[in-house]
Structure formats: structure tokens, C-alpha cells
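Taking it in order: structure first as C-alpha cells, then the write-up.
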Amino acid sequence: MNAISLYANPSESFTDKISSTEKLLRQVSIDYAPTGGESLPVISQASSLGAEDMIISHLINKLDLNIEIFILNTGQLHLETLDLLNKFQKKSKVNIDIYHPVEKNVVNFVTKNGPKAMYDSIELRKSCCYIRKVEPLFRALQNKKAWITGLRREQSEVRSELTKIDRTDAITKINPLADWTWGDVWHFISTEKIDYNSLHDAFYPSIGCAPCTRAVSAGEDARSGRWWWESKSTKECGLHELNIN
């Protein structure tokens, strides 16, 4: 039994969701295309290589959209995630930019706090996330006016009010799968034969760094396997709490 056989169950409005998603992606690729002195599009997809992000990357490639894709390699990714990254790089028509944390910052943090500091306090865990994910994200988004994520309303209470276009910050966030269900995600992966992280077959709906991700049990929400030792209110790494000016 795998993730497809377990979860692929499209909603009644699934066909409309696909059309809406493709329309939105086409539109933002036009809205944020290079202009004047720009040589590159000012929009990028931030991919964690999770199921949702693989769908968006697939559509960017399939529709030949002028949208860049980048990945944050934190130095703590699962081997399964790195295997998928390697496979994805070989297949993607769009170049995949990889951003790494600043090595000296990682070394200083681990030397001072130890390799398991993320379990000691929320502050240390968020400091680790900042070094490995948030700071590299700032670099990835330099000179960008918009970025695309795989966030969905269904993922957690914190994301339940998610909009498809969020202009809260100076850089616009596009969430094309905001209204998709988990069943929609896996039905699309199945029908389009999209590669996905094998950890999804082992009950990992949300996959981050190896020390901070575990499988979930029946009845738990999709984010419960992330930083499972913390309360629900703290379960964000900071990537989607940015105030980018």
C-alpha cells in the first residue's frame, strides 16, 4: 500500500480546481515576466519537494511557464528527499537553483548549542530554522516580486484562512493549491504520474528536516509530524511568517 492508494480521492470540484490553478500560474508567469532591464522572471517557486510542490513544479514544466524554481538544502534533509531532488533535476526542463545555509553560521550554532539543540527550546529550534531555511530564503528571493508555495488551507488551523494571492508583504505570495484537498493532491499525482518523496508512503504527509519530522498516526493533522514535541501554535519554521520589505 502506498500514498496514492491510501489518499487519492478527488473532490467533486477537482476538475475546476485544476483549471483554476493552471489559469493562475499562467497569469502570474505573465504578470511577473522579465521587463525592461531584467533578464530573469521576478517570480520563483519555493519547493520543499513535498507532494504539493511537486505538483506545482510539474505544472510549471508542463505548461512551459517562465517561472524559476528553487530549493533550500538545509544540510539536514532525509536521504529520500535528496534522492527525489536528484531525480527531479534530471527531468526538469526548468533550472533548479539550490540554496544552502552559510556554513560558518551552521558550524557556530552546532558548536555552541550541540547537534540536538532544536529539542532543547523553541528559541533554539527557531534559531536553527533561521540559519538553515529563513536566511537562505531571503537570498533566494532577492530581486523577486512574487513567490509560489504549496500551502493549502487544509494543512493546519494556522493556514485555514489562506488566500490564493497574498499581498501582505512587499513580495507577493502565490498559493495556487490553497483550496485543494489531500485527496486532490494524490489523485493528480496519480493521474499525471508525478514523482514524489517515498517518505509519503511511510505516513509522512509533511516532510522537513530529518531531526524535526516524524510519521503521523491516523487522526493526526498533516502538520503533527513536524516539531511534534512543541504545541500547535509554534509549528512554523518562519518561512511563511516573513515580513519582507
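Values reported hereafter were calculated over all heavy atoms of this structure, with side chains retained and with hydrogens, waters and symmetry mates removed.
When atom types are taken as modelled, the side chain of K133 and the backbone of P101 share no donor-acceptor pair closer than 3.5 angstrom. Checked by atom type and distance alone, the side chain of T213 pairs as donor or acceptor with a backbone atom of G208 at under 3.5 Å. Checked by atom type and distance alone, the side chain of T111 pairs as donor or acceptor with a backbone atom of V107 at under 3.5 Å. In terms of modelled atom types and a separation under 3.5 Å, the side chain of K17 and the main chain of D179 share a donor-acceptor contact. Under a 3.5 Å cut-off, the side chain of R139 and the backbone N or O of H100 do form a donor-acceptor pair. N175 places no side-chain N or O within 3.5 Å of a backbone atom of L177 that could act as its donor or acceptor partner. A donor-acceptor pair is defined here as one N or O able to donate and one able to accept, closer than 3.5 Å; no such pair exists between the side chain of N197 and the backbone of G50.
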Quiz item: Run the side chain to side chain contact (heavy atoms under 4.5 Å, CB included) check on S20 and K164 step by step: do they pass?
Solution: CA-CA 10 Å; S20 176; K164 288 194 174 184; 3.1 Å; yes

Quiz item: Run the salt bridge (Lys or Arg N to Asp or Glu O under 4.0 Å) check on E220 and R214 step by step: do they pass?
Solution: CA-CA 12 Å; E220 291 186 300; R214 67 162 173 80; 3.1 Å; yes

Quiz prompt | Stepwise salt bridge (Lys or Arg N to Asp or Glu O under 4.0 Å) test for K93 and D64 | solution = CA-CA 8 Å; K93 294 183 291 184; D64 291 317; 2.7 Å; yes

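Ring pair H200/Y196 is tilted by interplanar angle, where 30° to 60° counts as tilted. Between Y7 and W186, the ring planes lie tilted relative to each other; the angle falls in the 30° to 60° range. The aromatic rings of Y204 and H78 sit perpendicular, their planes meeting at an angle over 60°, well past the 30° parallel limit.
Atoms OG1 and CG, on T181 and N9 in that order, are 7.5 Å from each other to the nearest 0.5 Å. One finds the CD1 atom of I207 at 9.0 Å from the CG atom of L49 (value rounded to the nearest 0.5 Å).
Side chains of N66 and S29: no donor on one and acceptor on the other come within 3.5 Å. Judged purely by distance below 3.5 Å, without hydrogens or angles, the side chains of N2 and S5 pair a donor atom with an acceptor atom.
Hydrophobic cluster membership for F109: V106, V110, L124, I131 (Ile, Leu, Val, Met, Phe, Trp, Tyr linked by side-chain heavy atoms under 4.5 Å, directly or transitively). Grouping Ile, Leu, Val, Met, Phe, Trp and Tyr by side-chain contacts under 4.5 Å, direct or through others, leaves V216 on its own.
Taking 4.5 Å as the limit, some side-chain heavy atom of L141 sits within range of a side-chain heavy atom of I171. In this structure, S47 and I56 have side chains that are not in contact, with every pair of non-hydrogen atoms separated by 4.5 Å or more. Counting heavy atoms from C-beta on, the side chains of F88 and D195 never come closer than 4.5 Å.
Side-chain rings of F70 and W147 stay apart, their centers remaining 6.0 Å or farther from each other.
Of the residues listed (V134, L137, I98), the one engaging L72 in a side-chain contact (heavy atoms from CB on, under 4.5 Å) is L137, and it is the only one.
Considering only residues two or more places apart in sequence or on other chains, R152 meets the salt bridge (charged side-chain N to carboxylate O under 4.0 Å, His left out) condition with E52, E154.
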